[in-house]
Amino acid sequence: MFMESVKKKIRRSEARHVKVLHPQGTLIIIGGREDKTGEKRILKEIAARVHGGKLIIITAASEVPHEVWPEYREIFKKLGVKKIEHFHCNQPEEVRTMDLQKLFDKAKVVFFTGGDQLKLTSKLGGTLVMDYIIEVFKKGGTLAGTSAGASVMGEIMLVGGENAESHKVGNWMMAPGMRFVESLIIDQHFAQRGRIGRLLGAVALNPGVLGIGIDEGTAIIVEQEQFRIMGENAVYVLDGRGVTYTNISEASADQTMSIHDVRLHVLSEPEVFDLKKRTALSMSSGNG
């Protein structure tokens, strides 16, 4: 009875529909540190989707675009991509002077490199370049991103709360993402940087939203409201729709987080997850 008196019971959360903005397109969302020297399987997957069109590499998240752009250009050239363009800007107003129609002509793939996800959203959000990016997606093209370029894909993105301190109630900072998928939060470098605490906190604050953590060297390929896993490590899916209790709205900022009845899936290649049903298909069908 004592525990019942001190716990705040919350009603089961109604799960919001996880909806891909344009399901005819593809998202390739990478947890960072993808293989660039060996088989390059994830980057090969991106290259294969150019289909004789154009690949645009966006380095707006990076502080060292002069290093990042040549590296990826050479990798994709060796993977057989013939037409590769670079997009970078330091301020949103720079976009106004660019010939975006020429840049995006025949673009089939847009690739966001790593860096700082807030740089991406603050530089590109609300600009004409975002309209062109969405048009590529709408026409069945592919949007790919690694590390920070992965974080921006969802409706909400995590921009703070690290490692040993991430279990504290006041240690999360979130911002709007690019919303290529609604009701989704994506975190990257997941196991390698001990980020399960901060993703749990994000789900506790937004229990109707699905949280996806992606390890380094691993990607999810989102098509038709499902995704499959590619790569050497794991993908973690946190579903808060069944949460019965959390202290996150009442506790002080330095208090340890408490949350009950979160559903966790841990998936590896080649498993498939249904975003609409919030179910791992290989598990439900008895395969693997």
Side-chain angles (χ1 to χ4, degrees), residues 20-30 34-36 40-62 65-115 117 119-121 123-154 177-181 219-228 230:
V20 180
L21 181 64
H22 297 292
Q24 60 270 41
T26 299
L27 299 173
I28 300 179
I29 308 174
I30 310 165
E34 67 279 3
D35 175 20
K36 297 175 185 174
K40 308 182 189 71
R41 291 179 57 230
I42 294 171
L43 295 176
K44 279 181 182 176
E45 183 77 19
I46 295 171
R49 293 170 183 273
V50 180
H51 297 305
K54 184 187 293 182
L55 166 65
I56 299 174
I57 297 175
I58 295 181
T59 60
S62 177
H66 57 284
E67 297 176 9
V68 173
W69 152 241
E71 179 185 28
Y72 278 111
R73 178 184 58 195
E74 289 308 307
I75 290 170
F76 283 115
K77 273 186 179 180
K78 289 178 181 178
L79 292 175
V81 181
K82 303 297 184 184
K83 297 179 181 178
I84 308 171
E85 297 282 356
H86 180 212
F87 174 90
H88 183 81
C89 67
N90 293 308
Q91 294 295 336
E93 62 265 23
E94 293 176 22
V95 175
R96 297 177 192 153
T97 64
M98 297 179 181
D99 189 348
L100 296 176
Q101 186 171 355
K102 181 179 179 181
L103 176 67
F104 280 88
D105 182 45
K106 298 181 181 178
K108 294 292 180 68
V109 178
V110 176
F111 177 65
F112 300 96
T113 69
Q117 51 264 43
K119 288 182 184 292
L120 267 177
T121 54
K123 291 177 183 179
L124 304 186
T127 67
L128 187 59
V129 73
M130 278 303 302
D131 293 340
Y132 278 96
I133 291 167
I134 290 171
E135 192 64 22
V136 172
F137 192 27
K138 188 185 294 185
K139 290 180 177 178
T142 297
L143 307 183
T146 184
S147 189
S151 291
V152 300
M153 298 282 187
M178 289 183 172
R179 203 168 165 246
F180 301 132
V181 187
I220 63 172
I221 301 173
V222 184
E223 295 176 300
Q224 296 294 325
E225 297 190 322
Q226 296 179 357
F227 69 76
R228 63 181 171 93
M230 170 180 280

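A heavy-atom distance below 4.5 Å is not found between the side chains of Thr146 and Ile42. Side-chain contact between Ile46 and Ile30 is present, with at least one heavy-atom pair separated by less than 4.5 Å. Between Phe87 and Val110 there is no side-chain heavy-atom pair separated by less than 4.5 Å. Using a 4.5 Å cut-off on side-chain heavy atoms (C-beta onward), Ile56 and Val136 make no contact. Considering only heavy atoms from C-beta on, Phe104 stays 4.5 Å or farther from Asp131 through its side chain. A 4.5 Å side-chain heavy-atom check between Ile57 and Thr113 finds at least one atom pair inside the cut-off. Looking only at side-chain heavy atoms (C-beta outward), Ile133 and Phe112 come within less than 4.5 Å of each other. Two residues are said to be in side-chain contact when any heavy atoms from C-beta on lie closer than 4.5 Å; Val20 and Phe137 meet this criterion.
Nearest heavy-atom pair, Leu120 versus Ala61, reported as atom, atom and distance to 0.1 Å: CG-CB, 3.6 Å. Here the closest heavy-atom approach between residue Glu45 and residue Ile28 is recorded as CG-CD1, 3.9 Å. Across Ile75 and Lys40, no two heavy atoms sit closer than the pair CG2-CD, 4.1 Å. Annotation for Lys102 and Lys54: closest pair O-NZ, 3.1 Å, computed over non-hydrogen atoms. In terms of heavy-atom proximity, Val68 sits nearest to Ser62 at CG2-OG, 3.5 Å. Counting all heavy atoms, side chain and backbone alike, Gly114 lies closest to Ser147 at CA-CB, 4.1 Å.
In terms of the side chain to side chain donor-acceptor pair (under 3.5 Å) criterion, residue partners of Asn90 (sequence neighbours excluded) are, by chain and number, His88.
The distance from the CZ atom of Arg41 to the CG atom of Asp35 is 9.5 Å, given to the nearest 0.5 Å. Taken to the nearest 0.5 Å, the NE2 atom of His66 stands 12.0 Å off from the CD atom of Glu71. A distance of 9.5 Å separates CE in Met153 from CD1 in Ile220, rounded to the nearest 0.5 Å. Taking CD from Gln91 and CZ from Arg96, the interatomic distance works out to 11.0 Å, rounded to the nearest 0.5 Å. Put simply, NE2 on His22 and NZ on Lys139 are 12.0 Å apart, with the number rounded to the nearest 0.5 Å. Of the inter-residue distances, the one linking Glu85 atom CD with Lys106 atom NZ reads 12.5 Å to the nearest 0.5 angstrom.
Each of Thr26, Leu55, Leu143 was scored for a side-chain contact (heavy atoms from CB on, under 4.5 Å) with Val109, with one residue passing: Leu55.
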Go through Ile58 and Leu124 one step at a time and tell me if the side chain to side chain contact (heavy atoms under 4.5 Å, CB included) criterion holds. CA-CA 10 Å; Ile58 295 181; Leu124 304 186; 4.2 Å; yes

Can Ile134 and Phe180 be said to form a side chain to side chain contact (heavy atoms under 4.5 Å, CB included), step by step? CA-CA 8 Å; Ile134 290 171; Phe180 301 132; 4.2 Å; yes

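In this structure, the side chain of Lys123 engages the main chain of Ala60 through a donor-acceptor pair within 3.5 Å.
Within 6.0 Å of atom CD in Gln101, 12 or fewer heavy atoms from other residues, nucleotides or ligands are found, so the atom counts as exposed in its surroundings. Residue Lys83 qualifies as open at atom NZ: its count of foreign heavy atoms under 6.0 Å is 12 or below. Summarising the local packing, NZ of Lys82 is surrounded by 12 or fewer heavy atoms from other residues, nucleotides or ligands at distances under 6.0 Å.
Classification of the Trp69-His86 ring pair by plane angle, with boundaries at 30° and 60°, yields parallel.
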